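Read the structure below first, then the notes.
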There are 2 protein chains.
Amino acid sequence: MTESLGVAPALVRLSFLVSSIYSEVCAGYDLTAPQAQLLCVIRDQPRGMTELTDLLRLEKSSVSGLVDRVERRGLLRRQMSPADRRAVTVAPTAAGKRVTRGFYDEITRRLHLLVADLPAAERDVFTLTASRIVLDEAVPPIFGAAAA
Amino acid sequence: MTESLGVAPALVRLSFLVSSIYSEVCAGYDLTAPQAQLLCVIRDQPRGMTELTDLLRLEKSSVSGLVDRVERRGLLRRQMSPADRRAVTVAPTAAGKRVTRGFYDEITRRLHLLVADLPAAERDVFTLTASRIVLDEAVPPIFGAAAA
DNA sequence: TATTGTTATACTCTATAACTATA
DNA sequence: TATAGTTATAGAGTATAACAATA
């Protein structure tokens, strides 16, 4: 039997734990957490800079710099939009896709391990409640498919 | 009825959400997230630099710099240890205690709001499972009381 | 005028490596 | 020698403000 923490300590510590695992896996791919997040966001479809601003919740100048650094590593490229000559689209390169897939799969594996010891029913209920919270709060799809 | 995400997307997005709220509240107190975390960790008792290294999972030089910046704002002070003349103890000032209390209470309030719309039973089960995970994984007590 | 994006600047955060002082 | 902590350095991340180009 476990003593329950309060809601706030439980959430803050869980967030700290997940972030730690995320960063640990990032390091294995020579990525920083923001870089990995960017790659995950453009995984399914190319995105414009303004769109990335919303998804990552960063200022546009921050996105510019972040895209610069990942581009310099050859993991993504900027594409000019034919329709709007101001606009830029960001898409992963072949190397970027490989890295993203490896990273994504390993994160998934590591997080499954985190709940592996729980009874299946408890695990499912927990995941469902967490899903409810993030869907209710309109958290951007920074990991996993955009829609259900 | 909500469609459930997978375990990994649910956890990653929940962590992103909690971090966003954490940072938002930090901004209201003119703190960065690492600074607030430091203040929360020394809230209940003074800590040595090496101890902070373990609690915050940072290198000692990172802790030095972080303590420098919070000290410069007058929110904590370094105290010499009488027993070991190499050792330093970090404790909040009166101003630091006030800021920490305000920050802590607001984070708590904001996170309670996050689960306020859930049925009480679901909320309790969710909190218990989250507690189990973080206690099993020996997450450092970066928020809330150290022990149960 | 509004929008898209970049650049300049400044500060925080973090790690690695080298260092000082004490145990 | 080992431990506690700081300093030097370098790079990533971020925001604000000013800017250029296009719509």
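It should be emphasised that the depicted structure is a prediction, and the values quoted were computed from it without experimental measurement. The sequence lines fix the lettering, A, B, ..., with proteins before strands; numbering per chain opens at 1.
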Contacts of A:A83 and A:P34 projected onto DNA chain D by closest heavy atom; the upstream (5') one is A:P34
Checking only heavy atoms, does the side chain of B:R69 share a donor-acceptor pair with the base of C:dT12 at less than 3.5 Å?
no
Distance criterion of 3.5 Å, no angle test: do you see the side chain of A:R85 paired donor-to-acceptor with the base of D:dT22?
no
Are B:Y22 and B:F103 an aromatic pair by the rule of ring centers under 6.0 Å?
yes
Send over the distance from B:E71 CD to D:dG5 P, rounded to a whole Å.
14 Å
Electrostatic pair A:R132:B:E122 at N-O distance under 4.0 angstrom:
yes
Do A:R86 side-chain and C:dT4 base share a donor-acceptor contact under 3.5 Å?
no
So if I take every side-chain heavy atom of A:S62 and compare against D:dG5, D:dT7, D:dT14, which nucleotide ends up nearest?
D:dT14
Look at all strands and tell whether B:R78 reaches a base, only sugar-phosphate, or nothing, counting heavy atoms closer than 4.0 Å.
sugar-phosphate
Without decimals, in angstroms, what is the distance between A:M80 CE and C:dT4 C1'?
12 Å
Do A:S61 and D:dT16 have a side chain to base donor-acceptor pair shorter than 3.5 Å?
yes
Between P on D:dA18 and NZ on A:K60, what's the gap in Å once rounded to a whole number?
13 Å
Considering every strand and a 4.0 Å limit on heavy-atom distances, what is the contact class for B:S64: base, sugar-phosphate, or nothing?
base
Enclosure of B:R101 CZ (heavy-atom neighbours >12, cutoff 6.0 Å)
no
For D:dG5 and B:T50 - does any side-chain N or O of the residue sit under 4.0 Å from the phosphate oxygens OP1/OP2?
yes
Check this for me, if you would: do B:R78 and B:E71 make a salt bridge, where the nitrogen-to-carboxylate-oxygen distance has to be below 4.0 angstrom?
yes
Just the rounded figure in Å: distance from P of D:dT7 to CG of B:L66.
15 Å
Length of the CG-C1' vector between A:D84 and D:dA20, whole Å:
14 Å
Starting at CD of A:E59 and ending at P of C:dG5, how long is that distance when rounded to a whole Å?
14 Å
Are A:Y104 and A:F143, when compared by the centres of their aromatic rings, separated by less than 6.0 Å?
yes
A:L56 atom CG is separated from D:dA15 atom P, nearest whole Å, by 11 Å
Could you state the atom-to-atom distance from CZ of A:R72 to P of D:dG11 in whole Å?
11 Å
